Amino acid sequence: MSAVASPPLHLTEFANEPYTDFTQPDKADAMRAALAKVRSEFGREYDLLIAGDRRKSKAKLESLNPSKPSEIVGIHQKGSEQDAKDAIEAASAYFPIWAETPMAQRAEYLVRIAEVIRRRKYEFDAWLVYEAGKTWAEAEADVSEAIDFCEYYARQALKLAKPDPLVQLSGERDELTYLPLGVGVIIPPWNFPLAILVGMTTAALVTGNTVVIKPSSDTPTIAAKFAEAMLEAGVPAQSFSLLIGSGAAIGDVLVSHSKTRFVSFTGSRDVGLHINELAAKTPKGQRWIKRVVAEMGGKDAIVVDRECDLDQAVLGVLYSAFGYQGQKCSACSRAIVDETVYDEFLDKLKSKVETLTIGPSDKFQNYMGPVINKRAMDSILKYIEVGKGEGRLIAGGEVAGGDGYFVKPTVIADIDSKDRIFQEEIFGPVLAVTKAKDFDHALELANDSEYGLTGAVFTTNKAKADKAKRQFFVGNLYINRKCTGAMVGAHPFGGFNMSGTDSKAGGPDYLLQFVQGKAIAEKIS
Ligand code: NAD
């Protein structure tokens, strides 16, 4: 095991990583240089990493630039079932050593990973621009959040190593400690391909678990860059594997393996439910009930009350609905607007939507880039057709042209709560607008969803805001601000019902998902 400075580790109070201001010419120049450097590495081939063992395979997976799909960002080895089994076995073999590594030492690795990513921030931004279609600002937010997760979980781990004292019975020393679980399978989505990947991985590692990471097939290069950062930070190569390949082909092998102890998943409702069902089965030889943390989809609503700053509400809806092309689990896909301000809201929103610039995400001036792939674009366009039948098209409603997967920001008004585009997650730049009779009706409509991830309310009436705090059934509620942009430490993140297990990533309770408590009572004379 590589040597690290001994504990104790003293860390300053957590603070969120500041965002780079790209309006400053030197910062913009640095970003352009990073984009050029990353572009010069397009088409490079990456190996599978099985606990430090680099492997190639015959079958390859190409990741593409969604702004220009003829460009291959990275070429990856498609992992086989055998690779998946080997990765779990290797993680299981190294687990006892990693579990014995002091928490402070593991926490220090996280701080070092944060240092590496911080040093290479523009480069990581650039990979996100090219592989995930993020604009500069969205890429910067994703990379900053990844750094935040490392720094925050390092601090939380030190706290977990010193739990609050228990009641001390006479003649006994009573204590509670937390043990790691074992081998974890980490399955992130493509939409926060660095932040969520880093958050789930580092939380599992810092608490003493070994992991097998299976990133999304759309964003494997960013995952490979993170693996590089972990190795550069000195994280033992045996503590993790990076397995690229189709979720369906190797995902089931990883999830159902008898040596898998837990699965940490973020993605869609259907895949999350499938994983949950599969993990509930106990194959021969398995000695535990697998734990599943599954953070899933959203159909997030913003309620616009008659008593509000309407201009602020319009901007809140605009940024929540169309930032990163509506491809955030927290994106506003339903605006529920009081009937007295409904027409004015639509007029103002339409004129703002028409100002949004859309095009290749490596061009700083574009507010919106492409959607992730052709399948996503086709699915979004189908939903737009459904929406046109269900309501009144106010803006967008078609592709934006160009080489990439560009879909215009689309607003469809007069949507009923039973309509498909009100109920189903589209995961693209499509906003349904619905009229409410009053605030209570608006809350009722907002809660008429199987999801419960984020929501926002724009109102200047304190009693109504208080009512929303009690009755708007979402894991993350925002008052008089947009419903996207959760910050680590300030907005622990996770939703209710079909939005998942409400694990509250980036919050003080999150690490508890990755440990098991052990109470020890020792007789003292
Ligand atoms: P997805 O469910 O299609 O894929 C997520 C991951 O699961 C990918 O890595 C994929 O390869 C893998 N996968 C697919 N089938 C699998 C299987 N059978 N076994 C194991 N793994 C399998 O989701 P996506 O398209 O990557 O991401 C978008 C979805 O994620 C949206 O629904 C969005 O709302 C949700 N999301 C939720 C949160 C949250 O915190 N709640 C955050 C981000 C994204």
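Treat the numbers as computed from the prediction; the structure is a model and nothing was measured. Sequence positions, counted from 1, serve as the residue numbers for this chain. When a ligand or atom number is given, it counts from 1 through the structure's own listing order.
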Inset, instruction - Please assess F427 against W190 for the test ring-ring contact (aromatic ring centres under 6.0 Å, His included), listing each intermediate value before the final yes or no. - result: CA-CA 12 Å; F427 222 56; W190 53 261; 5.6 Å; yes
Inset, instruction - Give the contacting part of K328 toward ligand 1: side chain, backbone, both or neither, where contact means a heavy-atom distance below 4.0 Å. - result: neither
Legend entry - Among L453, I426, N191, closest by any non-hydrogen atom to atom 44 (C) of ligand 1: N191
Inset, instruction - Could you tell me whether atom 4 (O) of ligand 1 has a protein heavy atom closer than 4.0 Å? - result: no
Legend entry - G267 N/O to ligand 1 N/O under 3.5 Å: yes
Inset, instruction - Run through Y153, F149, Y152 and flag the one making a ring pair (Phe, Tyr, Trp, His ring centres under 6.0 Å) with Y510. - result: Y153
Legend entry - Close N or O approach (T266, ligand 1; < 3.5 Å): no
Inset, instruction - Could you find the nearest protein heavy atom to atom 34 (O) of ligand 1 and give me its residue, atom name and distance? - result: E425 OE2, 2.7 Å
Inset, instruction - Would you check the N or O atoms of F493, main chain and side chain alike, for any that come under 3.5 Å of an N or O of ligand 1? - result: no
Inset, instruction - Show the numbers, then the answer: is there a salt bridge (Lys or Arg N to Asp or Glu O under 4.0 Å) between E151 and R118? - result: CA-CA 11 Å; E151 295 280 0; R118 196 178 284 121; 2.9 Å; yes
Inset, instruction - Decide if atom NZ of K58 counts as having more than 12 heavy atoms of other residues, nucleotides or ligands within a radius under 6.0 Å. - result: no
Inset, instruction - Looking only at distances, please establish whether an N/O atom of ligand 1 is found under 3.5 Å from an N/O atom of F427. - result: no
Legend entry - Option nearest atom 7 (O) of ligand 1 (shortest heavy-atom distance, choices V263, I213, V255, I187): I187
Legend entry - Nitrogen or oxygen atoms of W190 and ligand 1 under 3.5 Å apart: yes
Inset, instruction - Return yes when P215 approaches ligand 1 closer than 4.0 angstrom through a heavy atom, no otherwise. - result: yes
Legend entry - Element-labelled atoms of ligand 1 that are located less than 4.0 Å from some non-hydrogen atom of G297: 32 (O), 34 (O)
Inset, instruction - Only heavy atoms count here, so choose which of P189, G251, A223, A248 is nearest to atom 19 (N) of ligand 1. - result: G251
